[in-house]
Amino acid sequence: MSFDFTITGFVALYIFMLAGFAGWVIIGNVPAILHTPLMSGSNFIHGIVVVGGLYTLINASTTQEQVIGFFAVLLGAGNAAGGYAVTDRMLAMFKSSEPASKPHRSHASKKKH
Amino acid sequence: MLTLLAQLTIGAANLVAAFLFLFGLKRMSSPATAASGIRLAGIGMVAAVLASFLYVLNIDDSVKPYLLMNITLALLALAIGGVGAWLAGRKVAMTAMPQMVAIYNGMGGGAAGAIAAVELFGNNAHDASQLIVTLLGALIGAISMSGSVIAWAKLQGIINKPLRIKSQQIINGVVFLAAIAVAGWIVFVTLSGADPLLSIASWTYIFFAIALIFGILMTLPIGGADMPVVISIYNAFTGLAVGLEGFVLGNPALMIAGMVVGAAGLLLTLLMAKAMNRSVANVLFTNFGDIVKAKHG
């Protein structure tokens, strides 16, 4: 017995359509200040490509596939990890209740004199 | 039994990841909840990556002699790519963030292209639609990769001037049509079994080379001031490429996450262009960014 998780044919097109619509609706009405963080956040989300890379590398059966698969995982992992680090730092600036976690940030506005 | 359990776990982890990506993106789109959104999406990512190691329980017999090496390579690639990019992302100055997004986005496009390359070299496509989708994802991913690298180089100040040659648009058009033509040729000879002149593998190399060159040519004429919009376009491109390769691999999490980012990235691009009082076509084809830059300098 085995489960088939693959999605093919018209079901795939429906998935694409609904996912595309979801992405469009979720981002709608976003304030301009969040444009760049959201670009960065969605950049992180397509880092899921690392999972595809892992699948490809684990199923590699020639040296060529191993080499290309290695780079797929390497690049995908960079996309995911880097995307997270950058987005997290950008969004940390939007935290409402965090006055003193980073006390000496260079651009803190302390121009009182 | 074990393989069934592995399949179920992978399926469940991917479902959870897809949900957390959508929910996280929703939270990221409001300032009050934005910081928690990325955390949720991060949890989804970790779950999906950990679960994907269960693929080792469900492999073909021909893969078994390579398995140990494959796992070693996978761990090595995750460690180098993940830790390297993480440290770079933590260290980079706040002002240099946009080019970091560009380079990470380029990495994602490259990963999608690499997956497509394995499928193409291994001749894994079962039918015409799969082959066409693989090639389409490869094209978009490769363009996004080389284009993002140029965008990074421009913001980093490595390429200072928009590089323009005479009748740039026509040359770009010809290069793009050449990529489509090579892709069409690959599909034709694979399906009909006709003599490919060169081997199909060589044509695949040529196809990737042309796609990468097109990404470079497309980005070079655009001025530095327009780069955020361009990076946003390439972000949508990478999402689309990931979604298409997800279809080829039969992985719903990749399909959903990729297509969500594709659509969200497209809308973000339109919003960003609108905030600059420009249209996207204007950004891509009229080289206006240079004038903006000249005014400031």
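Worth saying up front: this structure is predicted, and the values here are computed from it rather than measured.
- Residue with the most contacts toward chain A among B/Asp60, B/Asn124, B/Leu87, B/Val49: B/Val49 (heavy-atom pairs, distance under 4.5 Å).
- Each of B/Gly84, B/Ala79, B/Gly82 has some count of heavy-atom pairs under 4.5 Å with chain A, and the biggest count is that of B/Gly82.
- Only the side chain of B/Leu270 has a heavy atom closer than 4.5 Å to any heavy atom of chain A.
- Neither the backbone nor the side chain of B/Ile103 comes within less than 4.5 Å of any heavy atom of chain A.
- Both the backbone and the side chain of A/Ile45 come within less than 4.5 Å of a heavy atom in chain B.
- Distance CG/A/Leu38 to CG/B/Leu268: 5.5 Å, rounded to 0.5 Å.
- The contact between B/Leu78 and chain A is made by backbone and side chain atoms together, counting heavy-atom distances below 4.5 Å.
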With a cut-off of 3.5 Å and sequence neighbours excluded, list every side-chain donor-acceptor pair involving residues 105-112 of chain B.
residue, atom, partner, partner atom, Å
B/Asn105, OD1, A/His46, NE2, 2.9
B/Asn105, OD1, B/Thr238, OG1, 3.0
B/Asn105, ND2, B/Ser148, OG, 3.1
B/Asn105, ND2, B/Tyr234, O, 3.3

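- In this structure, chain A has heavy atoms under 4.5 Å from both the backbone and the side chain of B/Met255.
- In this structure, the separation between CG on B/Leu244 and CZ on A/Phe16 is 5.5 Å, given to the nearest 0.5 Å.
- Here the closest non-hydrogen pair linking A/Trp24 and B/Leu267 is O-CD2, 3.2 Å.
- To the nearest 0.5 Å, atoms OH (B/Tyr66) and CD (A/Gln66) are separated by 7.0 Å.
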Listing, residues 49-59 of chain A side-chain donor-acceptor contacts under 3.5 Å, not counting sequence neighbours, or none:
residue, atom, partner, partner atom, Å
A/Thr56, OG1, A/Gly52, O, 2.8
A/Asn59, ND2, A/Tyr55, O, 2.9

